[in-house]
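Within every chain, numbering begins at 1; the chains are lettered A, B, ... in the order of the sequence lines, protein sequences first and strands thereafter.
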There are 4 protein chains.
Amino acid sequence: MKKREVEASVKDERLVIKRRDQMIKGAVTLFKQKGFHRTTTREIARAAGFSIGTLYEYIRKKEDILYLVVDRMYDQIRERLQKDLDTNQGTVEALKLSIAYYFREMADMQDEVLVMYQEAKSLGKDALPYVLNKEIQMVGMFENVIGNCVKNGELDLTEQEVKLIAHNIFVQGQMWAFRRWALQKAYSLEEYIELQLDLLFHGMKEGKVKLGTGGEG
Amino acid sequence: MKKREVEASVKDERLVIKRRDQMIKGAVTLFKQKGFHRTTTREIARAAGFSIGTLYEYIRKKEDILYLVVDRMYDQIRERLQKDLDTNQGTVEALKLSIAYYFREMADMQDEVLVMYQEAKSLGKDALPYVLNKEIQMVGMFENVIGNCVKNGELDLTEQEVKLIAHNIFVQGQMWAFRRWALQKAYSLEEYIELQLDLLFHGMKEGKVKLGTGGEG
Amino acid sequence: MKKREVEASVKDERLVIKRRDQMIKGAVTLFKQKGFHRTTTREIARAAGFSIGTLYEYIRKKEDILYLVVDRMYDQIRERLQKDLDTNQGTVEALKLSIAYYFREMADMQDEVLVMYQEAKSLGKDALPYVLNKEIQMVGMFENVIGNCVKNGELDLTEQEVKLIAHNIFVQGQMWAFRRWALQKAYSLEEYIELQLDLLFHGMKEGKVKLGTGGEG
Amino acid sequence: MKKREVEASVKDERLVIKRRDQMIKGAVTLFKQKGFHRTTTREIARAAGFSIGTLYEYIRKKEDILYLVVDRMYDQIRERLQKDLDTNQGTVEALKLSIAYYFREMADMQDEVLVMYQEAKSLGKDALPYVLNKEIQMVGMFENVIGNCVKNGELDLTEQEVKLIAHNIFVQGQMWAFRRWALQKAYSLEEYIELQLDLLFHGMKEGKVKLGTGGEG
DNA sequence: GATGAATGAGCGTTCATTCAT
DNA sequence: GATGAATGAACGCTCATTCAT
């Protein structure tokens, strides 16, 4: 999918990038604090260090800022993840490390993750698909590494299972952020990672009681 | 936690319930389409079938509507879940049925779940804790049934594991709604349920290749 | 000037009077506290002890209530004043007593006076002249008693002076209320009365320095 | 007491003053006609010659306009008065001129005075004391010049009398405005001034009839 | 005669967006 | 290229008034 371009009146490409950096930096801070809707364009301009007039030289609508912010976030996350997964040799051991790495990255970007998940719906009909596509790509990255383990014979999973596991991992990374109010009281990040990994790989452990005999089979 | 009451000017309790039903029904539809912030009070009134003046006879602030919506959802979900879990005998087999039941219920209330998930943060400082508390209670319900399986000896899990599994189940129920754009293309609901149950109970199945040499055995 | 009638839907005259009494009593209290504009018709109805619907059986517009209230106040003040002045024999001594009496009455009705003076302007084009007429009548009462003193030869004043003195007295009675924030800190009511009387009758007392020769040359 | 500042979004001080001038001018006219509460912000903006949006670039709340209006009036009156009183040599003759000057000024600002007198109570809890303080200062100015006459030996008055006379003068200046409906029919301004001055300095003139003998004892 | 639910015009205020300088 | 004053549509909310019961 082609990158959705945000139009700027200013021609100087270098300047556009610089100003948008300032803009995004300011906007992220504000969105974290008060959300997209409660943040005014004036506030963003001020946080970015220039005037409201200047702001509008680099975007067309307020929503463009949200898009720019979300786009940047995805790129950051994917970039880090990519770098890690590139070194992944397709073993279960490496997979575990990658998942743990991903969980830590997401924990590191908690606020950003929250912004992304709560405000993305405010993106217009043209920007949203583009953003969703980015997420599909990221899930795809996990599908690949898990898929490699299957190819290696280290795991025995159908394609459907692989896909769903990738989604689960992806969501569990976000969970740490969007359920922080519950999870972060009960677990340290490392405990969370260890437990989730264990559950991912082994599921719920059965007790010694025989299940077979009666049940509802 | 005491129920946060939304004040109405109208005294007739029956009428209050009826009008709020209309209101909630209209609001859910609108919130789903455009989110809480983009929905105006006039639109909600119109969707509910009465005037803006009448709307404000039944609430005090726009946010009250969101609270009412979210509160209603939680109550519905919990009520249904409660009813099901009450008949749960604390066996693994029953647990599976309950999880499947929960997944189906959540799928049934997709729109509501989406609203809940994306707009809850717009609730004010007094309503939010109340809502989070409701979620804790619901997660607690799963903790209990899983805990019973542990007591029975059918499952062998620590308390921490039980808690996290409950959270995972809870989130996976929501996932079907908030990741519909990906999941519902790839799976039917029943496939989703079956796969998730399998993963929950058995984790990723290992292949025949020996892993042993290094790792954590 | 004919009494401006406020129309009522209810026919029973007795009831109209009774209900309006309740209404006025409640309204005065509220107007004192928050003024006419900040008081809602619902509040007045509640304070009066009946429903908003009933309120409108006895008036036509909110402004009618203000008129009723102001009208009542004037009647009260005038009635009291009348009673006193009726016994006035037209001597200076009696005039002083009447002025003092009037000052005390106005002090007694401070809140009412404030309402009258701050809200009367909100009366419509038809009610205002009627109310102003009442004030002219009251000022006229003072004009009469002062005029009597002139006729008696106890005072030597032109008609114009009499009229202005009557206005001054009238305003000085109100002053105690509308400048309470300054006067009531500096004087007790009796001090105020004594001082004002002295100034009214003798003006500023000259010192012993000769003034005569001619200007300040 | 520190000046209560009304915040403006616009930075250009010159412009702020200019726009507020327009605003105050328009607002006075409207407040005079219909009072503060019945005047809408849109009307004020229109009367000032700009849009509602622009209006709010120069104030924060509707009440700010009232404050601005009242503040401006006080400043104008005091400034003029100050200028006059500064040249006052503390003689009775000069005092008379100053009072006459003050009466004329107040007559000149009738509309403003009316607004001040009737709407000041609508000022909020923070602006009101500030405004009352201004009035105390103005009354204080009269206290001073009268006090000087006492020091000179031209007048023989206690401190309490001086204070009350100052209040009376102050109120009589306003009277011409707020009782215009009666006074301006009966007197020309100059007549009013002459009569009031005479009454202030000499009180009611006694007739030739002996009062002493017995009175109404 | 009493009620109170319903109405909707109208309020104060905000804020994304424009455009002359 | 930068500025910020100006704009006005649109918002949340209030409340005088009506009218079916």
Toward the 5' end of DNA chain E, by each residue's nearest nucleotide, B:Asp12 or C:Val10: C:Val10
Ring centres under 6.0 angstrom apart (A:Tyr117, B:Phe178): no
Distance in Å, B:Asp111 CG paired with B:Lys32 NZ, rounded so as to fall on 0.5 Å steps: 3.5 Å
Straight-line distance of C:Ile65 CD1 to C:Ile44 CD1, nearest 0.5 Å: 4.0 Å
DNA chain E-proximal residues of residues 14-25 of chain C, any heavy atom under 4.0 Å: C:Leu15, C:Arg19
DNA chain F: 5'-proximal contact among A:Ser51 and D:Gly49 (nearest heavy atom): A:Ser51
Ranges pairing with ranges for DNA chain F, where each run has three or more Watson-Crick or G-U pairs under 3.5 Å: E:2-21 with F:2-21
What integer distance in Å separates [X]:[atom1] from [N]:[atom2]?
| X | N | atom1 | atom2 | result |
| --- | --- | --- | --- | --- |
| D:Tyr58 | F:dG4 | OH | P | 13 Å |
| D:Lys11 | F:dA6 | NZ | P | 14 Å |
| D:Asp64 | E:dG12 | CG | P | 13 Å |

C:Tyr67 versus C:Ala127, closest heavy-atom pair with distance: CD1-CB, 3.7 Å
Shortest non-hydrogen contact from D:Val16 toward D:Val10: CG2-O, 3.5 Å
Under the ring pair (Phe, Tyr, Trp, His ring centres under 6.0 Å) test, residues paired with C:Phe36 that sit two or more places apart: C:Phe31
Salt-bridge contact D:Glu112-D:Arg72 (side-chain N to carboxylate O under 4.0 Å): no
Note: D:Glu57-D:Arg19 ion pair, threshold 4.0 Å (strictly below): no
Check: A:Phe50 main-chain N/O paired with A:Thr54 side-chain donor or acceptor under 3.5 Å: no
Contact letters for nucleotides 10-17 of chain F, in which S counts primed atoms plus P, OP1 and OP2 and B counts the base, heavy atoms under 4.0 Å: BSBBBSBB
Of all pairs that satisfy ring pair (Phe, Tyr, Trp, His ring centres under 6.0 Å), the ones with a partner from residues 6-26 of chain C, not counting sequence neighbours: none
Residues forming a salt bridge (Lys or Arg N to Asp or Glu O under 4.0 Å) with A:Glu13, sequence neighbours excluded: none
